[in-house]
Enquirer: 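Have a look at the structure that comes next, please.
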Amino acid sequence: MASSRVFPVVRFVVKGSLAGGAMYVAYDQGLLGNGSQGAEALRKARAALPPAIQEWTNYTGWELPSAPKFDFSVSESWNTGVQATVSALSVAPTKVREYTQDGWKYMKDLIK
């Protein structure tokens, strides 16, 4: 009986530890910072990934296609994402009210 209560706790602790570790790594690498920090993290990843992937493909014997080339500004993408998120959050209360009113009207029409 006690093991049935321990298993969910262990699962929760493991999942929480993984999520916390992922957040720490993201913060430590600058992924949660401003656009210039994100650009620096992307530059580091671009420098580190090709040798790691090459080593992995040599080990497994698989052949991978070449990676596509991306030419975009991380800071612009970051700012656009932040603006879209803030915009969506700012209209959320109004949209919730509208959808609730539409839902109540639909339910009233069904009951009639």
Side-chain angles (χ1 to χ4, degrees):
M1 289 298 221
S3 65
S4 65
R5 285 181 274 162
V6 172
F7 184 67
V9 172
V10 171
R11 236 173 65 187
F12 176 75
V13 169
V14 169
K15 286 182 178 182
S17 299
L18 289 173
M23 288 299 292
Y24 172 77
V25 169
Y27 177 78
D28 187 51
Q29 295 300 316
L31 295 175
L32 301 177
N34 60 26
S36 61
Q37 290 173 330
E40 180 63 23
L42 181 61
R43 188 191 61 72
K44 286 181 187 177
R46 281 185 179 164
L49 279 177
I53 292 173
Q54 183 62 40
E55 183 179 335
W56 181 77
T57 56
N58 290 342
Y59 178 76
T60 60
W62 293 350
E63 188 72 30
L64 296 176
S66 62
K69 301 293 181 197
F70 294 108
D71 186 27
F72 69 95
S73 169
V74 173
S75 60
E76 280 183 31
S77 299
W78 174 265
N79 290 339
T80 302
V82 170
Q83 289 171 352
T85 302
V86 170
S87 174
L89 289 174
S90 70
V91 298
T94 305
K95 289 296 182 184
V96 167
R97 183 177 48 84
E98 289 175 9
Y99 294 149
T100 303
Q101 288 174 346
D102 291 346
W104 278 114
K105 184 177 181 280
Y106 177 75
M107 293 301 289
K108 287 178 183 177
D109 291 344
L110 283 177
I111 294 173
K112 285 183 184 179

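Position 1 is the first residue of the sequence, and the numbers go up from there.
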Enquirer: Which pairs count as side-chain hydrogen bond (donor to acceptor under 3.5 Å, both in side chains) when at least one residue sits in residues 85-101, sequence neighbours excluded?
Expert: none
Enquirer: With sequence neighbours left out, write down each residue that passes side-chain contact (heavy atoms from CB on, under 4.5 Å) with Leu110, or none if nothing qualifies.
Expert: Tyr106, Met107
Enquirer: According to salt bridge (Lys or Arg N to Asp or Glu O under 4.0 Å), who are the partners of Asp28, at least two apart in sequence or on a separate chain?
Expert: none
Enquirer: Could you work out, with side-chain contact (heavy atoms from CB on, under 4.5 Å) as the rule, every residue matching Asn58, not counting sequence neighbours?
Expert: Gln54
Enquirer: Under the rule for side-chain contact (heavy atoms from CB on, under 4.5 Å), what residues qualify as partners of Val14, not counting sequence neighbours?
Expert: Val10, Leu18
Enquirer: Lys15: which residues meet the salt bridge (Lys or Arg N to Asp or Glu O under 4.0 Å) condition with it, sequence neighbours left out?
Expert: none
